[in-house]
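Quick notes on the structure that follows.
As the structure is a prediction and not an experimental result, all values here were calculated from the model. Convention: sequence-line order gives letters A, B, ...; per-chain numbering from 1.
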Protein chains: 2
Amino acid sequence: MIIKITLRDQVKSFLQDQMMNGELSFGERISLPVLAKKLNVSVTPIREALTQLQHADIVEAIPNRGFFLPLPNIEKVSELYPIIANLEYLGVSESTYSEKDINRLEALFEKENTFDNPVDRIQSDIKFHELLLKNYKNDALKSFLYDLKLRVFLYEFYYMEDANLAQTSSNYHKNIIASLKKGNSLKAADLIKESWLTSIQFIQQHFKQKAS
Amino acid sequence: MIIKITLRDQVKSFLQDQMMNGELSFGERISLPVLAKKLNVSVTPIREALTQLQHADIVEAIPNRGFFLPLPNIEKVSELYPIIANLEYLGVSESTYSEKDINRLEALFEKENTFDNPVDRIQSDIKFHELLLKNYKNDALKSFLYDLKLRVFLYEFYYMEDANLAQTSSNYHKNIIASLKKGNSLKAADLIKESWLTSIQFIQQHFKQKAS
DNA sequence: ATTTGTAAAATCGTATACGATATATTATAT
DNA sequence: ATATAATATATCGTATACGATTTTACAAAT
């Protein structure tokens, strides 16, 4: 079977990868002609990719001005994190984990303290959470979560920049693994949810400090 | 302040309205040239609107074949309904309701038994759920829910076609209102979640019968 | 120096054009 | 009559063109 991928979807993937690699910042403009030249395609698939991301509120479109990443918005943090918290809670609470699954989580956990930059930490954290949902067969939920992670990436950046907070995140992972070893995935789900909800405060604090 | 609305967003709204009015069916093709003539615009904003809906899995795009509404898929029901259930649970559990709010819910409830067709019932049901989330300030969650409702509309159709099931839905509403009157929004949230989760079985049954 | 106004440049939004792919139709062969 | 092959038609995907809007640059006026 032949799978065709349209240019617009390739461009979308390119943009998503860029975001996940921390190559774009708050409020950054995404210029159609610039990106078109860079990717060697016309502006049409570029704008189609961007309008897709616009629908998911991953980028913003201002008519006749262009496409931009959103500006920092504390309110959005308190909207998005509870959604992530509850969706991941749902996934973990309905999952079961084999010994092999737990070993893979532990392997990831061992590595995550070795990273010294926020992007690596976030990517490792995202992998950890994806692995937690590996056994939960719900692609709709996973793609929602993927979009949500794109939307909070830049906030996470400020969280993971702080070594202490990165350690807090890692501690949650340790406790989650411990719960799973006891076969208590409900406790693990609670911890996942809690980890997202507690980080709201820290991120909001960070931006309040910045404002002052 | 002047607000501009692009053609692509107008087209998207048009399509969303069409879906919410039950004017499109499972697997139905959405032809670019046909829709372009109907709306008197070129195909470009049409395809941009459709690619937006494609990103949210509201429509499907098959390269060089076109855009289609999804075909019935029992698995998607068991993916989407739990997501809706949990997101609405979150919203209701964190909401408080004034006497006026409850009166408005009751007014809607009184009307909903008078509808004799599935589309009116679904729209009334959606309004009821929207009203339940009115006090929950989380636009991100609400727009996720809006997209999800679009995706399950056609399944809901088969649910609300059945007068008995419509009655079941209405009973949940009655109990939800009763719980809110007692100031027990947690119980109301439980009922909301339960109402979504129980409907999964009925819908799956419906499609299994059809298959045989 | 700041503000206002004008002109130029850049960018977007939509329409159109055209090649590529898929579907439908017709003709041919079995 | 059915199946296969070839052709014609329709549709999509992308590129390009062009008008409209916005931003930038710069000059003039306060």
> Which residue lies toward the 5' end of DNA chain D, B:Gly66 or A:Pro63, if each is placed at its nearest nucleotide?
Replying inline: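 Closest to the 5' end, via its nearest nucleotide, is B:Gly66.
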> Closer to the 5' end of DNA chain D via nearest nucleotide, is it B:Arg29 or B:Val43?
Replying inline: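 Nearer the 5' end of the strand: B:Arg29.
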> Tell me, do A:Phe207 and A:Asn73 make a side-chain contact under 4.5 Å, heavy atoms counted?
Replying inline: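 Heavy-atom side-chain distance check fails, nothing below 4.5 Å.
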> Does the side chain of A:Leu35 come within less than 4.5 Å of A:Leu15's, by heavy atoms?
Replying inline: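 Yes, their side chains come closer than 4.5 Å.
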> Which is true for B:Thr6 with a 4.0 Å heavy-atom rule: it touches a base, it touches only sugar-phosphate, or it touches nothing?
Replying inline: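 The answer is sugar-phosphate, as B:Thr6 gets under 4.0 Å only of primed atoms, P, OP1 or OP2.
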> Got a salt bridge between B:Glu88 and B:Lys149, using NZ or NE/NH1/NH2 to carboxylate O under 4.0 Å?
Replying inline: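 Salt bridge: yes.
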> How about B:Phe26 and B:Tyr155: are their ring centroids closer than 6.0 Å?
Replying inline: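 Yes, close enough.
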>> Please check: side-chain N/O of A:Asp125 versus main-chain N/O of A:Arg121, any donor-acceptor pairing under 3.5 Å?
In response: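 Not a single qualifying donor-acceptor pair exists.
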Roughly, in whole Å, what's the span from [atom1] in [X] to [atom2] in [N]?
X: B:Asn64; N: C:dT21; atom1: CG; atom2: P; answer: 7 Å
X: A:Ile5; N: C:dT21; atom1: CD1; atom2: C1'; answer: 17 Å
X: A:Gln54; N: C:dC12; atom1: CD; atom2: C1'; answer: 13 Å

> Quick one: how far along DNA chain D does chain A reach, first to last nucleotide 5' to 3', anything under 4.0 Å to a heavy atom?
Replying inline: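 The protein-touched segment is D:dG13 to D:dT23.
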> Can you check salt bridge (Lys or Arg N to Asp or Glu O under 4.0 Å) on A:Lys127 and A:Glu130, steps first, answer last?
Replying inline: CA-CA 5 Å; A:Lys127 267 187 208 147; A:Glu130 279 174 354; over 6 Å; no
